[in-house]
Each structure stands twice: as C-alpha cells, then as structure tokens.
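Right, one structure below, let's go through it.
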Amino acid sequence: MAADFARRLIRWHRQHGRHGLPWQGSRDPYAVWLSEIMLQQTQVSSVIPYYQRFLGRFPDIATLAAASQDEVLAYWSGLGYYSRARNLHRSAQIMAEQHAAEFPREFEQILGLPGIGRSTAAAISAFAFGSRRAILDGNVKRVLARYLAVAGYPGEKKVEDELWRHAETLLPEAGIETYTQALMDLGATVCTRSKPDCASCPVSADCAANQQVRQAEFPQPRPRKALPEKATTMLLFMRQGEIFLERRPPAGIWGGLWSFPESDGTEDAQQHAGMRFGFEAGSLEARPAMQHVFTHFRLHISPLLIHVRRIQPRARQQEGVWLTVEEAMGAAIPAPVRRLLAGLGKP
DNA sequence: AAAGCGGGGAA
DNA sequence: TTCCCAGCTTT
C-alpha cells in the first residue's frame, strides 16, 4: 500500500509535476536552502524573481555572510516575513565561521541552523543530498490528511504527530527527490485547499477522503477561537461643520493615530468627557453601531454625535484638534474612524 | 473579509 | 511544551 502511494506519485510527477523552476536541477545546497526558505510562506510565482535576484547578488554562503544585514533585507524587501532573511543571513555567518562556509550535510546540523525546522531540514536533505527524510509542510499535511482521512486540526500536536508518522511510513526506498517534489506538487496543483481535482489525482483510487466523498472535511480547519468582545462609545463632537479628534497614546491599539474621544457609554462618562475639553453639549444623536475586528478581540462601537453649543474659553485643547470632515479624512486615522466620518454625510 | 502558512520566541 | 505572531495570498 505504502509502496503504491510513492510509486504512483513518482510516475505522475514525470508528466504532471512542476518542472523547470529555477532552483530545480541544482544540487547546490545553498541554492536549495535559499529556495526552500523563500517558498516557506510564499508561492512559486512570487518567489522566482526574488530568487534570481538574490542569487545573482549573493551567489554563495561566503558572499551572503559577508554582506550587511541591511543589504540582505533590501534584496528580500517585498517578500514579507523578514525574519526569514535575518535567519538566512545569521545562518550564513554561522556556516562561514564554523563550517568553512560549507553547508552541513548532517541532518541534525542543518536542523540546528536558525530558520530551519524539521520539514525544511528534510527538504534540503532530500533535494541536496538525496537523504531519505520525510517532509510535512502545509500542502503535504492536506494531502495526507485526505489520503488517510486523518481527523482533527493539524495544528494540534497529537494530529501533527500522527501526520508525521504517516509521512515517514509512506517514504519510498528509492527516488526520494522525485517523490518529495511530487508530494509538494500534488498538494499545490491537484489536492488544493478548495475544489481538489481528484479526477487528475494519481492516488485518488485509494484516497480515503475521495472514497467517502469527504474531501472538504480534511484537514479539519482551525477551531474558531471565540474572540473576546469589547465595547466603547465614540463621542463625535461637532461644531460649525468641524469634528473633534484627539491623538491616541503612542503604544497600543491605533497608537499615535487620531481618533474620537471615548467613553464607557454611561451618561456621566459622556458629560465628563465633554467637560474635560470644556464643551457645552447641545443635542445628542446616536449613530448606527458598528464593529471592528482585531486579531485578538472584537470591538463594538456605539457612535454618539454631540453638537457642541459653546466652548468654554478657558478650555485647553492641546490634546485635540478641530477639523472639517474632509481634513480629517486626510489625517492618520484608523479604518473605523474613517468609516464613521464617511457616514456623517448621510443621515 | 477571513483563513492559511513554518518556524521562532514567549509564556 | 504549548501558544501566538508575522505579512502577504487566496478564496
């Protein structure tokens, strides 16, 4: 069974795998390493120009190690996840100092380099040295979860461990490079996250998810973490066609951006906020509620439009500014404030 | 607009 | 050990 899986993949790869990519055909571990790092969170088409430019400027470990971090980052600029570039640079310097600028062949030593985890170390070992090592990146997790109907969320340790065991078991005795490339290619082009093309899949006949027509159920998605909910009332003080904004503290949410004064929504707090600035409130008008989702919580915003009748002359205003809506739209304001301002024109 | 991604570093 | 984040893509 396991042998069939690998054999079919290898056979499939000849005709349907991705060929001719700039990093294929090279066994230079440096080139293989660079491509694997660039491909970690980035798709092939974006990587290609960066890979060629980077390799042109830093053709080997010694050159990379000798370069400044600034220049390395400049060549990475636009790819994102800049810690990858910093780790790449650090690794090159480690190799220059400790391994005579040679890329280590030993799996444990490769794994020990910064920015290289178990799967990346295995991919480099397989492609550069022909070592028989299992990989398990996001694509492979999806292929195996479906092929073997592995339940649970792969981000969970228990599930990931099970997938690693399967990955090891399915390894072929020979042809590790083609097999590894085929597995990656299958996940990227056939066994895709949505709408997998099972009709074109070389292992669909004994794929558990396909047999049960449950492709969409594997791998199980990350459990939805219930976001904490927070609520605030934004006070939109308005006077003579201008609105009042104050600058937020430099750190924290919307640090340094301009926003409306806030209150907890009680009448006392609203009055207090107005008094803080010396505003004498006229009519109040609740605006439509809205919400804004952050990475770690959901914020419910109740906007309250307050027409300011009079500003007490002694009032200090160095913490805030009065701007026309148009001026405010051009200022450094967070997205929800922008939406609120945009909605002010309409009733 | 939301979820995914491989490894590092914090908790 | 386990949890969370980065910064861009794809759906």
Side-chain angles (χ1 to χ4, degrees), chain A residues 32-51 69 73-92 94 107-127 133-146 152-164 167 180 183-185 187-197 215-228 251-253 255 290-299 301 334-336 338-339:
Chain A
V32 171
W33 170 46
L34 177 63
S35 72
E36 288 302 322
I37 299 297
M38 284 191 166
L39 288 165
Q40 270 174 1
Q41 280 96 344
T42 316
Q43 67 176 34
V44 167
S45 58
S46 317
V47 164
I48 290 175
Y50 281 91
Y51 174 82
Q69 178 176 284
L73 285 172
Y75 274 78
W76 203 271
S77 176
L79 266 185
Y81 281 100
Y82 298 95
S83 62
R84 291 186 294 174
R86 286 190 289 270
N87 284 330
L88 199 76
H89 190 219
R90 274 178 58 209
S91 289
I94 290 170
F107 181 79
E108 301 300 333
Q109 285 197 2
I110 298 173
L111 188 55
L113 292 167
I116 301 182
R118 181 173 172 185
S119 187
T120 303
I124 296 169
S125 294
F127 291 136
R133 293 279 175 178
I135 60 162
L136 191 67
D137 64 12
N139 282 333
V140 177
K141 282 177 185 171
R142 187 172 56 249
V143 170
L144 299 188
R146 284 178 177 156
Y153 168 56
E156 209 174 305
K157 182 93 173 76
K158 190 182 67 176
V159 179
E160 194 180 1
D161 286 348
E162 186 184 351
L163 289 170
W164 270 115
T180 303
L183 199 49
M184 291 173 159
D185 291 357
T189 64
V190 171
C191 197
T192 48
R193 187 139 65 92
S194 58
K195 298 182 190 168
D197 184 10
Q215 293 93 326
E217 294 175 45
F218 303 97
Q220 209 173 93
R222 161 197 297 266
R224 281 229 196 127
K225 38 184 174 184
L227 291 181
I253 295 298
M290 52 189 288
Q291 59 175 13
H292 185 76
V293 184
F294 293 93
T295 314
H296 26 328
F297 64 93
R298 184 190 309 270
L299 183 65
I301 301 170
R338 187 169 297 278
R339 278 164 59 205

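Chain letters run A, B, ... following the sequence lines, proteins first and then strands; every chain starts at 1.
- One atom, CE of A:Met184, and another, C1' of B:dC5, lie 13 Å apart when rounded to the nearest Å.
- At least one cation-pi condition fails for A:Arg86 and A:Trp76: the charged atom is not both under 6.0 angstrom from the six-membered ring centre and inside a 45 degree cone around its axis.
- Here the P atom of nucleotide B:dG6 and the CH2 atom of A:Trp33 are 19 Å apart, to the nearest Å.
- Looking at the side chain of A:Gln43, the nearest of the listed nucleotides B:dC5, B:dG7, C:dT10 is C:dT10.
- Taking atom CG of A:Leu136 as the reference point, atom P of B:dC5 lies 11 Å away to the nearest angstrom.
- At a threshold of 4.0 angstrom between heavy atoms, the contacts of A:Gln41 include nucleobase atoms, whether or not backbone atoms are also involved.
- Here B:dG8 is the nucleotide among B:dG7, B:dG8, C:dT11 with the atom lying nearest to any side-chain atom of A:Asn87.
- Going from atom CZ of A:Arg84 over to atom P of C:dA6 covers 15 Å, rounded to whole Å.
- With rounding to whole Å, A:Lys158 atom NZ is found 12 Å from C:dT2 atom P.
- Side-chain N/O atoms of A:Ser46 include none lying less than 4.0 angstrom from OP1 or OP2 on C:dC8.
- DNA chain C is contacted by both A:Ser45 and A:Arg86; A:Arg86 maps to the nucleotide lying nearer its 5′ end (nearest heavy atom per residue).
- The shortest distance between side-chain heavy atoms of A:Ser35 and A:Phe127 does not fall below 4.5 Å.
- Atom P of C:dG7 sits at a distance of 15 Å from the matching atom of B:dA10, rounded to the whole Å.
- With B:dG6, B:dG9, C:dT11 as the candidates, the nucleotide lying closest to the side chain of A:Arg90 is B:dG9.
- Relative to the six-membered ring of A:Phe107, A:Arg133 meets both conditions, a distance below 6.0 Å and an angle of at most 45° to the axis.
- Distance from the side chain of A:Lys157 is smallest to C:dT2 among C:dT11, C:dT2, B:dG7.
- The CD atom of A:Gln220 sits 15 Å away from the C1' atom of B:dA3 (whole-angstrom rounding).
- Atom pair A:Leu73:CG and C:dG7:P shows a separation of 11 Å (rounding to whole Å applied).
- Nearest to the side chain of A:Pro221, among B:dG7, B:dG4, C:dT11, sits B:dG4.
- Between the P atom of B:dG6 and the CD1 atom of A:Ile110 lies a distance of 19 Å, rounded to the nearest Å.
- The shortest distance between side-chain heavy atoms of A:Asn139 and A:Val143 does not fall below 4.5 Å.
- Under the 3.5 Å distance criterion, the side-chain polar atoms of A:Ser46 are left unmatched by any main-chain donor or acceptor of A:Thr42.
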